[in-house]
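Counting convention: from 1, in listed order, for ligands and their atoms alike.
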Amino acid sequence: MRIKSLLLSACLTLAPAPAAMAQSVIGSGVVPATAANSAERAIGFAETAPAGAALVVIMTDATLPPLDGVALTAAERQAVAAAATAAGFDGKAGSTLSLRGIGAHPRILLVGAGATPSSLALAEAGGKAAQELKSEAHPVTIAGAFGDISAADAAYGFAVGQYRFDRYKTVDKNTPPTGAVTLVGADPAAAETAFARRWKSLVDGVRLSRDLANEPANIIYPESFVARVREAFAGAPGVSIEVLDEAAMRKLGMGTLVGVGQGSPRGSRLLAVRYRGAGTSDAPIAFVGKGITFDSGGISLKPGNGMWNMKGDMSGAASVVGAALSLAKSRAPVHVVAVAALAENMPDGNAQRPGDITRTMSGKTIEMLNADAEGRLVLADANEYVAATYKPRAIVNIATLTGSIVGALDDQYAGLFARDEKLADALLAAGAASGEELWRMPLHKNYAEKLKSDIADIRNIAPGQGPGASLGAHAIGFFVDEATPWAHLDIAGVNQADKATPLVPKGMTGFGVRLLDQLARDSE
Ligand code: BES
Ligand code: ZN
Ligand code: MN
C-alpha cells in the first residue's frame with residue numbers, strides 16, 4: 001500500500017512536457033545550421049599514378065617494393081632506398097619516413113605496416129598516411145606491396161583517418177587537403193568493388209557517429225539527433241525508423257527514461273532504426289545506445305571541470321546508428337535494430353530528485369539515489385522497449401556509463417560485461433578484428449546485492465564504495481530477461497581521444513561503429 005502510493009506520487013511528478021521553448025533557447029541560432037567540415041579527399045583506384053601527386057609507399061620491411069604503375073626512375077628508387085637505409089627505416093607498423101627533394105615528387109612518404117600485415121594493419125597504415133598528409137597541398141597516391149583487395153583496406157584506413165571536425169572554425173583553419181587520394185594497383189576495379197562492398201559505407205557510419213558526438217549540446221539534443229539520423233538514412237534500403245516522443249513514452253509507462261529528461265526543456269526521444277537485409281532471420285540483433293545529449297549530473301550536479309565533455313554522453317547512441325547506417329548502405333545480409341535512448345540530464349525545478357522512485361514500462365521500480373547515474377535509467381526502459389517490440393535474439397548495450405571503467409581500462413579497451421558466453425566471445429572477436437578492443441569485466445551475482453533497495457525493486461547506485469562499472473552493468477541487466485543473450489559495453493574511456501591514433505583523429509572516436517558492424521556481419 002505504501003509502495004503503491006509512493007509510485008503514484010512518483011508518476012504524478014512526471015509533469016506534462018513544458019510548453020515548446022522559444023527557438024533561441026533550444027535551437028541552434030548561434031551557428032549556421034549549414035556549417036560543414038572541410039572537404040575530405042575523394043578516394044579512387046587506378047592502374048597508374050596521376051602525375052604531380054605526393055607518393056605514399058606502404059612498406060612491410062626495409063625493401064622498397066616494385067611499385068608498378070608509379071613513375072619512379074631507377075635513380076629515384078635508389079635515392080629512396082638510400083634514404084630509408086640511412087634513416088634505419090624498417091617497415092615496422094606505425095613507422096613513417098617523409099622524404100622531399102626526390103625527382104619532381106612533391107613528397108614521398110614511407111609508411112610501415114609490418115610483416116604480413118592484416119587487414120587492420122593495412123588500414124592503420126592508410127590512416128597514418130592520412131594524418132601525416134593532413135595539410136599536404138597535393139593530390140596523393142598510395143602504392144605498396146599489397147594486392148588489390150588490401151588496397152581497399154588501406155583506402156578505408158585513409159578515409160577514417162582523415163576525418164576532421166572543423167565546421168565551426170572561421171579563423172586558424174587547418175589547410176584543407178587538396179586533391180584526391182588514388183590507390184594504385186593492377187586491378188583497380190577489384191579494389192574498387194571491395195571498397196564499395198564494405199568499407200565505403202563503414203566510413204559513412206563512422207563519420208555520422210563522430211559528427212553527432214562532436215557536436216555541442218546546443219546543436220545536438222534529442223530532437224535534432226533524430227533529425228540528423230533521418231537525414232543520414234534518407235534513401236537507405238531496407239530501413240524503417242520509429243520515434244517515440246515524450247507523450248508516447250509516458251503512455252507506454254516508460255517512467256525511468258522520461259524521468260531523466262524531465263529537468264530539461266528539450267524533450268526526450270526513443271529512436272529505433274531497423275535494418276533488415278534480404279533473406280535474414282526474423283529476430284534482429286538489438287544495439288541499444290545511451291543517448292544523453294548532455295549530462296550535467298542533474299540535481300546531483302557534476303563539478304565544472306570537464307563537464308563540457310558530457311556533450312559526448314550520447315556516444316553510445318551515435319555509434320549504434322552509425323553501425324546501422326554502415327550495414328544498411330552496404331546492403332549487408334543482416335537484421336539489426338539500433339535504439340537510441342535520448343534525453344538531456346539537467347537540474348531544474350522539474351528535475352527528478354535523489355530518492356525519487358520511478359518505474360519502467362514493465363512495471364519494475366527504481367529508487368534513484370543519484371541523478372548522475374542516469375545512463376542505466378534510460379537504458380532500463382530502452383531495453384524493455386526493444387525486447388517487447390522487436391523480440392531480438394540478442395541485446396548489446398553500448399554506453400558511456402561510468403567513470404569507474406575509465407580508471408580500470410583507460411582509453412585502451414571498452415569494458416565488456418556479458419551474461420552470455422557465446423555473445424561475449426563474438427564481441428571479443430569482433431573487437432580484435434575491428435581494432436576496437438574489449439576487455440571482459442566481471443558481473444558476479446553477489447555484486448547485484450549492493451543494488452537492493454529497501455523500498456523499490458532496485459536502486460540506481462550503491463552508496464559508498466563498490467565496483468562501479470560492474471554495478472552499472474548489473475543495474476542495466478536487471479531489466480533484461482535472463483533468457484535473452486545480453487551484453488553491455490562501457491565506452492566511457494574510449495569514446496573520446498586526447499591524441500590521434502592512425503584510425504582515430506583527436507576528438508570523439510565513433511567507438512563501436514566498426515565493432516558492431518563487424519559483430520552483425522559475423523553473426524547472421
Ligand atoms: N556519463 C557519466 C560517465 C562518464 C564519466 C562518462 C566520465 C565519460 C567520462 C555517467 O552518467 C556518470 O555520471 N556516472 C557516474 C555514476 C555514479 C554516480 C554511480 C560516475 O561514473 O561517476
Ligand atoms: Zn552520463
Ligand atoms: Mn551521469
Side-chain angles (χ1 to χ4, degrees), residues 213-214 217 220-222 225 256-257 259-264 268 288-319 340-347 351-356 366-380 382 397-415 417 441 447-448 450-451 453 458-476 478 488-498 507-509 511-512:
N214 276 317
I220 288 296
Y221 42 93
F225 184 104
T256 61
L257 201 164
V260 169
Q262 77 187 36
S264 167
S268 304
V288 182
K290 170 178 173 181
I292 301 299
T293 54
F294 190 74
D295 181 12
S296 70
I299 293 297
S300 312
L301 196 64
K302 286 181 181 295
N305 270 350
M307 194 201 277
W308 65 272
N309 220 357
M310 290 299 127
K311 70 174 189 172
D313 209 23
M314 31 55 71
S315 291
S319 289
L342 299 162
E344 185 181 58
N345 189 22
M346 296 291 269
Q352 50 184 358
R353 296 141 294 255
D356 280 7
I366 309 184
E367 184 186 18
M368 187 278 280
L369 294 184
N370 187 320
D372 199 12
E374 83 296 340
R376 56 205 75 182
L377 302 177
V378 297
L379 289 171
N397 292 140
I398 177 163
T400 46
L401 203 77
T402 66
S404 156
I405 203 70
V406 189
L409 304 175
D410 200 47
D411 59 2
Q412 205 53 56
Y413 297 98
F417 300 84
M441 300 292 288
Y447 292 156
K450 295 183 193 281
L451 292 173
S453 162
I458 190 177
R459 53 190 189 182
N460 76 330
I461 60 156
Q465 289 299 303
S470 291
L471 293 178
H474 261 307
I476 301 170
F478 183 74
H488 154 65
L489 310 175
D490 193 336
I491 59 165
V494 293
N495 73 308
Q496 194 198 19
D498 297 333
M508 297 299 173
T509 62
F511 188 103

query: Just which atoms of ligand 1 are under 4.0 Å from any heavy atom in T400?
result: 1 (N), 2 (C), 3 (C), 6 (C)

statement: of all protein heavy atoms, closest to atom 18 (C) of ligand 1 is N370 ND2, 3.6 Å

- prompt: Any N/O of N495 closer than 3.5 Å to an N/O of ligand 1?
  reply: no

- request: Could you check atom 19 (C) of ligand 1 against the protein and tell me its nearest heavy-atom contact, residue, atom and distance included?
  value: I461 CG2, 3.5 Å

query: Any side-chain heavy atom of M310 within less than 4.5 Å of one from I292?
result: no

field: From Q496, M310, R376 - option closest to atom 8 (C) of ligand 1 by heavy atom
entry: M310

message: Quick check on the Zn ion (ligand 2): does K290 put an N/O/S atom closer than 2.8 Å to it?
response: yes

message: Parallel, tilted or perpendicular: which one describes the rings of F417 and H488, with boundaries at 30° and 60°?
response: parallel

message: Suppose we only allow N, O or S atoms; which atom of D313 ends up nearest to the Zn ion (ligand 2)?
response: OD2

With E374, the side-chain contact (heavy atoms from CB on, under 4.5 Å) member among Q352, K290, E344: K290

- prompt: Looking only at heavy atoms, is any part of M314 under 4.0 Å from ligand 1, and if so is it the side chain, the backbone, or both, or is it neither?
  reply: neither

task: Specify which N/O/S atom of E374 comes nearest to the Zn ion (ligand 2), by atom name.
output: OE2

- request: Any atoms of ligand 1 less than 4.0 Å from a non-hydrogen atom of E374? List them with their elements.
  value: 11 (O)

field: Considering all heavy atoms, the nearest P463-L369 contact
entry: CG-CD1, 4.0 Å

- line: Answer key: the N, O or S atom of D295 nearest to the Zn ion (ligand 2) is OD2

message: So for atom NZ, which belongs to K302, do other residues, nucleotides or ligands contribute more than 12 heavy atoms lying within a distance under 6.0 Å?
response: yes

field: Least distance between heavy atoms, L257 atom then S268 atom
entry: CD2-CB, 4.0 Å

- line: If we number the atoms of ligand 1 from 1 as shown, the ones under 4.0 Å from a heavy atom of D313 are 1 (N)

task: If you have a sec, work out which protein heavy atom is nearest atom 22 (O) of ligand 1 and how many Å separate them, to one decimal?
output: G403 N, 4.4 Å

statement: All heavy atoms of S453 vs all of R459, minimum pair found to be CB-N, 3.8 Å

- prompt: Any chance the side chains of E367 and N460 put a donor and an acceptor closer than 3.5 Å?
  reply: no

field: Close side-chain approach of V494 and Y413, heavy atoms under 4.5 Å
entry: no

field: Heteroatom of E374 nearest to the Mn ion (ligand 3) (N, O or S, atom name)
entry: OE1

- prompt: Without hydrogens or angle criteria, can the side chains of S296 and N345 be said to hold a donor-acceptor pair below 3.5 Å?
  reply: no

- prompt: What residue and atom, counting heavy atoms only, is the protein's closest point to atom 17 (C) of ligand 1, and at what distance?
  reply: A373 CB, 4.4 Å

task: Report yes if some N/O of D372 lies less than 3.5 Å from some N/O of ligand 1; otherwise report no.
output: yes

- line: Short version for N309: what comes under 4.0 Å of ligand 1, heavy atoms counted, is neither

- request: Confirm or rule out an N/O/S atom of D295, from backbone or side chain, lying less than 2.8 Å from the Mn ion (ligand 3).
  value: yes

statement: Under 4.0 Å between heavy atoms, the region of D295 that gets near ligand 1 turns out to be side chain

statement: Looking only at protein heavy atoms, what sits closest to atom 14 (N) of ligand 1 is L401 O, 3.4 Å

- prompt: Do D313 and T400 meet the criterion of a side-chain donor-acceptor pair at a distance under 3.5 Å?
  reply: yes

field: Side-chain H-bond candidate by donor/acceptor type, N495 with S315, under 3.5 Å
entry: yes

field: For the student: nearest non-hydrogen atoms of G298 and P347, plus distance
entry: O-CB, 3.6 Å

- request: With heavy atoms of K302 as the reference, note each atom of ligand 1 found under 4.0 Å away.
  value: 2 (C), 12 (C), 13 (O)

